[in-house]
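Inspection log for the structure reproduced underneath, given as structure tokens.
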Amino acid sequence: MADHSSSILMEMQGIVKTFHGTRAVDGVDFSCSRGEIHGLVGENGAGKSTLMKVLAGIHSADAGKIFLHGIERRFGGYSDARKAGIGIVYQELSLLPELTVAENIVMGAWPRNPGGLLNWDKTRTLSGTILRGIGVEIDPDTLVGSLPMALRQMVEISKVLSKESELIVFDEPTAPLSRDEVSILFNIFRDLKRRGKGIVFISHRLDEVLAISDRITVMKDGRTVVTDSAASFSEEKLIASMVGREFSEIFPAKKGSSKDAPVLFSFDGILHMSNKRVAFSVQEGEVLGFGGLQGQGQIELLQSIFGLGGCESLSLQILGTRVAVKNPIHAMRHGIALVPENRNEEGVFPILSVLENLSAPTVDHRKRLGFIRRLEEHSVVRDMVDRLSIRISSQRQQAQSLSGGNMQKLVIGKWLIFDPHVIVLLEPTKGVDVATKQQIYRLIRELAERGVAVIVNTSDMLELIGVCDRVLVMNRGMLTGCLEGSAITEESIMKASVSDRDLVNAGECV
Amino acid sequence: MEKAKTLAPRHELADMLSRNAIFFLLFLLVVAMFVLGEIVAHGFLSLSHIGAILRTASFLGIVAIGQTLVVLSGGIDLSVGPIITMGNVFICMFMNGLDANNVWSLSAIILLGLAFGSINGLGVTYLRISPLVMTLAVGSLVTGLTLIFSQGAPKGLASPLLREIGVGNLFNLIPAIVVTWAVLSALVIALLGRSVYGRKLYYAGANLKAAALSGIRVRLVKIIAYALGGACAVLSGTLMAGYTRDAFLGIGNEYTMWSIAAVVIGGTSLTGGKGGYVGTIAGAIILVLLESLLTVMNMPEAGRRIANGLIILIMISIYFRKRNRG
Amino acid sequence: MTEKQKNLRLFVPVYAIFFVIYLVACIIEPTFFTWENNVNLFTRITPLIIVGIAQTLVILTGGIDLSLGASIGLANVIAASLPFVNSPANIALWLLVPPLVGLGVGLVNGLIITRGGFPPLIVTLAAGAIWKGVSLFVLPEPGGEVSRGVAGALTGTLFNFVPVPLVILLVVVFLFQIVLRRTQFGRSVYAVGGNETIAIESGIAVDRVKIGVYALSGMLGGVAGMFLSGWMNSGDPLVGEPYILNSIAVAVIGGTSLSGGTGGVVGIIGGAYIFHLLNNILNLLAVSTFYQYVAKGLILIAALAVTSTGAGIRLGSIFRKRREAESG
Amino acid sequence: GGEKAKKTSGFVIGLSDFSLGNSWRVQMVAEAKYAASQKKDMVKELIVTEADNSVEKQIADIEDLISKKVDAILVTAANPKALVPVVDKAMKAGIVVVDFDNLVDTNNITAHVDVNQKEFGKVQGEWLVKALKEKGNIIAFNGMKGTTISALRFEGAKSVFDQYPNIKIVQEVYADWDYAKAKRAMEDLLAAYPKIDGFWSQGGAMSQGIIEAYMEKGMDPPPVTGEDGNGFLKIWKKIKDSGKYPGFDSIATSMPTWCSAKAMDVALDALTGKTVQKYNLIPIPTITAETLDKYVKPDLPDSYWCNSQLPADIVMKIFTR
Ligand SMILES: Nc1ncnc2c1ncn2[C@@H]1O[C@H](COP(=O)(O)OP(=O)(O)OP(=O)(O)O)[C@@H](O)[C@H]1O
Ligand SMILES: Nc1ncnc2c1ncn2[C@@H]1O[C@H](COP(=O)(O)OP(=O)(O)OP(=O)(O)O)[C@@H](O)[C@H]1O
Ligand SMILES: [Mg+2]
Ligand SMILES: [Mg+2]
């Protein structure tokens with residue numbers, strides 16, 4: 001530790017931050033040295049992002065001190081912190097989709113002519129250089145809104161790199177990235193490290209944290225549980241200190257293979273984006289996963305099941321009967337449910353109550369003469385709150401006052417009340433902590449066992465491997481992999497996700 | 001969960017109190033204004049004057065039913081003024097002063113209101129035009145049609161029955177129109193609080209995408225809100241014809257902004273999905289009461305405008321202080 | 001998609017509609033395509049363009065300014081109440097005071113909105129009522145008088161040929177195009193309207209930008225009020241009323257989205273023309289005013305349907321953005 | 001214009017009205033149209049524009065009429081000052097311009113056709129003072145705030161009231177000549193003032209609203225001045241004939257709806273080279289309880305204005321379904 005203190009870049013002492021009585025950060029000490037990658041982990045809501053936002057001057061701390069190079073500093077806002085050399089890559093991307101890549105990168109610090117007017121040429125060349133520096137080739141004039149998520153994350157990173165900060169905080173930058181992209185990012189980390197910058201790296205992917213960090217801090221309930229060198233942690237140990245107990249197995253046991261189980265659901269259609277035919281089916285008791293790099297047509301394929309378009313000549317069968325689905329209402333009529341990926345925009349009603357949120361798809365099931373049977377609604381909702389152990393103080397509590405994980409439970413819960421035959425889950429554990437993840441995995445398994453056709457799309461490789469009985473891998477709008485049982489490994493998924501062999505066309509996949 | 005359950009009752013009570021605090025506040029404001037009026041002008045608090053105020057508030061209150069529904073759905077309706085005038089002009093034309101025409105005239109006028117309201121709704125949902133400008137355009141359209149059909153000179157008369165509703169009193173005390181308003185209010189409050197449609201309206205207003213992805217026909221829900229908005233506006237115009245007997249062009253003009261002000265003062269959020277009609281009732285009464293108070297105080301036009309602006313500012317600062325405190 | 005493509009998508013429809021109407025007008029009514037008539041049109045659209053820009057600035061930040069009518073009205077009555085002798089001092093006064101009054105109105109709006117965190121629609125609605133009251137206090141009924149010299153300067157011609165309103169409108173549009181495109185303030189406007197939190201996190205002084213747009217909006221309202229006082233040769237406390245909603249319509253037809261963050265002033269001229277061409281043609285065709293309302297309603301709906309980037313949704317498009325994204 | 005004076009027929013005439021907000025204005029326009037139809041030999045076309053109470057739109061309307069190269073423009077102005085430049089422009093273009101009803105504040109115009117609005121208010125005021133025996137609290141009901149007519153009429157009335165120290169105007173109300181607004185204001189005023197001795201009302205439909213507010217409360221209305229709207233005259237006659245409200249009496253002054261037709265005559269005279277007077281005053285008849293029966297038209301609708309030159313069949317076409 002002694003040699004650390006000589007090169008300490010930033011130190012926070014006794015930071016406290018309260019939101020309306022909730023102690024988000026409760027007396028935390030945290031530091032980062034030159035050339036150090038400091039991993040920060042903890043459950044959802046542990047206070048990681050809040051701590052970092054205090055560091056960046058976005059929140060002002062209720063108590064505590066921040067030192068840069070041993071000098072105490074107070075930041076009135078992010079621009080202060082940025083001038084002092086702190087950069088932050090936000091967890092929720094801080095990019096404006098309607099503006100160009102170049103402008104997003106320089107935003108807040110536009111290059112200017114001597115006359116004071118913005119210099120667009122300089123903006124373009126500057127951002128182009130930075131992007132190329134991290135191995136990304138995008139036209140700086142492209143609108144960010146038309147980029148895939150992974151590229152957006154890269155733009156977000158460029159945005160911070162352009163500021164030449166001394167300490168850079170990366171708050172869950174890897175969530176939308178593929179393996180390759182993560183390794184590019186880690187190369188950037190190493191480069192920054194070599195140049196003596198400090199890095200704070202927050203992630204829920206513990207293997208990544210263990211792989212890249214020098215030191216790791218674990219937070220829980222707004223406090224620091226432990227800070228130690230990365231070498232002294234194993235994944236099990238990390239999880240144990242995060243959740244405060246031993247964690248035997250995150251994933252529930254899979255169902256044994258049963259080739260002759262009846263087919264619950266089958267899909268056949270031509271994907272718009274590739275004009276290729278895609279077909280698959282789900283057997284009883286089976287959890288079907290979709291994998292591959294992001295943006296290879298998985299979302300189009302799966303959303304079309306719910307009547308949101310994306311496929312032509314669509315033919316869906318439920319228990320052998322053909323069903324026509326042109327919109328979500330048709331889909332629901334046939335018992336199809338979809339849990340969207342973007343919880344805040346597509347999933348919850350933030351200003352409505354827990355009760356109203358959970359009741360949304362099924363209000364029509366509980367009506368008499370156009371009016372809602374309120375007692376029944378209340379009890380149905382209470383049962384679901386209990387079943388998913390959603391932490392609320394009252395059914396009339398607004399959804400926006402819940403934590404992210406609990407919000408996710410609302411989104412899943414409302415479809416469980418609907419009691420679907422087929423459920424499509426898009427990124428069901430995005431931004432959800434380990435304990436909640438475990439619960440959601442159990443739930444998925446339970447649904448499958450109860451005869452629901454479960455289809456999961458996730459960018460988390462471990463999740464695919466741990467949860468799914470069968471995994472379909474897509475690449476460029478084609479099915480390029482169909483893996484089952486022990487064949488589901490990281491290597492096989494990776495191989496399939498870069499393969500160009502259209503299995504449906506070759507007749508190798510149903 | 002055990003913990004949550006035992007905690008629940010106290011939370012619910014505190015919840016309810018804070019939820020309803022605003023209604024107490026609005027109620028207090030109404031009382032204070034009445035008392036102030038009585039101090040300024042003896043007779044302000046007489047039953048007949050209260051009746052007169054409630055009657056005027058009824059016209060506004062009924063338009064504001066539609067405005068509340070539209071605002072809850074996440075929109076706004078600037079066409080209510082022209083649609084009120086259309087209702088006022090056309091009902092007199094239809095009825096022509098004869099009770100025999102009542103049934104078909106009323107049905108026809110309500111259909112007209114529903115039709116133009118639906119045009120608003122269709123434009124907002126299918127053509128994806130912002131409600132602010134869509135309803136503005138429809139307002140212009142409606143004004144033109146009203147002028148063309150009346151050739152600038154409204155014809156006909158309200159029927160005796162309508163006239164009775166417009167100016168008559170029940171038991172020599174309560175204006176019949178206030179009773180009409182009360183009945184409609186009860187229906188709307190039940191619709192919003194208890195019905196499936198009402199709930200869907202909140203869903204659509206609170207998060208359109210999430211509602212659509214929960215299998216709610218958000219377009220239909222919105223179109224119905226606008227259609228009901230149109231119906232409420234023509235109904236209000238019709239009742240105004242009962243009050244004035246003849247039709248007047250431009251009778252609805254000021255109701256567009258008034259109805260929005262009533263909704264806002266009543267605490268409904270202009271971003272949709274939050275609020276209800278109870279507040280709007282208070283909002284309507286407060287606005288009319290203010291107008292009346294300013295009349296007896298002999299306030300010049302300039303002062304009236306300022307007072308109207310101030311009361312809105314004061315109300316929103318109360319709502320938002322509360323919200324910011326959490 | 002690149003920015004250029006987006007801008008084409010935003011502004012081309014407006015001008016397409018404008019040219020179609022203009023061409024049809026030239027064909028059906030010979031007096032339409034006279035220089036005199038076109039000069040009349042320049043004069044009429046100038047105040048609408050000025051307030052259209054004002055409203056666009058505010059809308060770009062995700063706000064709205066319903067008090068524009070009041071700032072126009074207040075500046076207008078104050079302009080008409082100023083001494084109207086043609087002395088240089090008076091002319092300077094006349095050119096300075098109304099915009100400053102508008103600026104004051106806008107500043108107050110901006111301060112209330114940012115300090116209180118209140119919704120702009122309600123604040124400006126209420127503030128509009130208050131300022132309208134003040135205008136009625138300054139000049140209870142239409143009247144007052146404006147120096148003919150100044151009035152002539154605003155609505156006359158330069159070098160006996162170039163109509164001053166045309167110059168004004170071109171300069172204003174050009175100026176604000178530069179402001180929006182090339183200044184830090186202008187770019188901040190887009191950032192704030194795109195996403196306020198992100199703007200804050202990018203180190204933009206969001207409150208200052210907001211106060212700035214409301215102040216500018218008020219000031220432009222003041223300029224429009226001044227222009228109108230010159231054109232009308234007098235003051236009218238309620239002259240701004242129709243401009244409240246018309247400015248919003250023009251901004252939207254001009255390609256600016258009411259949800260903020262996209263759009264600009266390039267489409268404004270087309271938008272303002274679409275608005276005024278119709279009355280002009282129908283007047284020239286001697287069509288009853290009654291039909292003008294209907295025609296205006298219909299053309300507005302048609303124009304909006306083509307240009308509006310409203311917040312409604314198509315079910316299939318819930319994931320559309322992403323799909324576009326993924327196909328490149 | 002000199003060269004146009006040679007023409008004797010085929011004139012195109014524009015009428016720029018500032019608003020069509022009430023039945024008086026509708027009838028006024030109808031009078032012009034009727035007059036034009038009676039003079040088909042001279043008037044080829046009458047183009048009516050309506051400015052929706054907007055000064056700006058009226059200026060634009062007149063500019064368009066100039067572009068259209070009409071022979072004459074009849075104008076009733078939204079604002080006396082605002083139209084001066086555009087009238088100048090029309091005069092410069094050699095167009096005959098005649099203003100009427102609401103005049104334009106200029107001398108560079110072919111002719112004015114005026115009804116003495118001050119006199120209108122003054123006659124009403126004098127009658128009210130006499131009816132109240134020079135003593136009492138009165139309320140003044142004005143028309144639309146900001147219109148010249150409303151201001152001039154009140155000025156005339158006030159000049160009378162100011163001479164009598166015992167006549168007190170306790171309140172001025174602006175009810176836009178509108179029935180509903182007047183009635184609503186009355187409901188408040190009745191609560192605020194225990195006793196009002198009389199009303200000076202500029203007329204329109206306001207007088208009717210005032211009286212009906214009293215009658216609906218079962219009270220006896222005091223003297224109320226009014227205008228010659230048929231609806232008001234009918235109520236007045238009903239009250240007079242019933243004898244149930246002894247406290248009520250009235251006088252109605254009259255603003256002729258045919259002032260537009262008169263303006264057209266003047267314009268045609270100017271166009272055909274006849275000499276026209278610069279200032280043409282139309283006298284105002286007054287209606288009292290004695291002459292009431294002569295004016296009221298029980299068979300015609302309420303919205304009809306009795307001082308009219310329109311034949312009954314046209315009136316019926318305008319005002320009935
Ligand atoms: N702006 C805010 N207002 C109110 N509460 C907040 C705010 N930001 C965070 N919180 C609360 O503070 C706590 C800590 O949140 P924070 O975002 O720091 O967690 P986190 O550790 O980053 O979690 P995650 O892994 O989910 O990103 C949570 O209870 C959260 O709900
Ligand atoms: N924006 C907010 N405003 C008010 N209260 C909030 C806000 N965000 C969170 N909270 C409160 O803080 C509590 C704790 O949230 P937090 O995110 O820490 O939960 P958590 O236990 O981490 O759950 P999860 O793992 O599901 O995220 C929430 O239950 C909520 O009531
Ligand atoms: Mg959380
Ligand atoms: Mg976080």
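Each chain gets a letter, A, B and so on, in the order its sequence line appears, and its residues count up from 1. Everything quoted here is computed from the prediction, not taken from an experiment.
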For a 4.5 angstrom cut-off between non-hydrogen side-chain atoms, does R184(D) reach V288(B)? no

Does K168(D) NZ have over 12 foreign heavy atoms under 6.0 Å away? no

Honestly, the part of E301(B) sitting under 4.5 Å from a heavy atom of chain D is side chain

At a heavy-atom separation under 4.5 Å, does P300(B) approach chain D through its side chain, its backbone, both, or neither? neither

I251(B), part contacting chain D, at a heavy-atom distance under 4.5 Å: side chain

Scored by heavy-atom pairs under 4.5 Å with chain D, the best of F248(B), Y243(B), F44(B) is Y243(B)

If you measure from CE on M316(D) to NZ on K155(B), what distance do you get to the nearest 0.5 Å? 11.5 Å

Which atoms of V170(D) are under 4.5 Å from chain B, going by heavy atoms: the side chain, the backbone, both sets, or neither? backbone

Name the residue from E212(D), M215(D), E216(D) that meets the side-chain contact (heavy atoms from CB on, under 4.5 Å) definition with V167(B). E216(D)

State the CG-CG distance between D302(D) and L157(B), to the nearest 0.5 angstrom. 6.5 Å

Proximal component of T56(B), with respect to chain D [non-hydrogen, under 4.5 Å]: side chain

Within this structure, what is the CG-CD1 distance for the pair D188(D) and I53(B), rounded to the nearest 0.5 Å? 6.0 Å

Point-to-point distance, once rounded to the nearest 0.5 Å, from CE of M219(D) to OG of S48(B): 8.5 Å

E187(D) side chain near R55(B) side chain, heavy-atom distance below 4.5 Å: yes

More than 12 heavy atoms from other groups under 6.0 Å of NZ on K57(D): yes

Pick one of side chain, backbone, both or neither for S303(D), based on which atoms fall under 4.5 Å of a heavy atom in chain B. side chain

Answer with side chain, backbone, both or neither: which region of A213(D) has an atom nearer than 4.5 Å to a non-hydrogen atom of chain B? neither

Rounded to the nearest 0.5 angstrom, the NZ-NE2 distance for K217(D) and H49(B) is 8.0 Å

Within a 6.0 Å radius of atom NZ on K158(D), are there more than 12 heavy atoms belonging to other residues, nucleotides or ligands? no

The interface call for D246(B) against chain D, heavy-atom contacts under 4.5 Å, is side chain

Mind checking the CE-CD spacing from M297(B) to Q171(D)? Nearest 0.5 Å is all I need. 11.0 Å

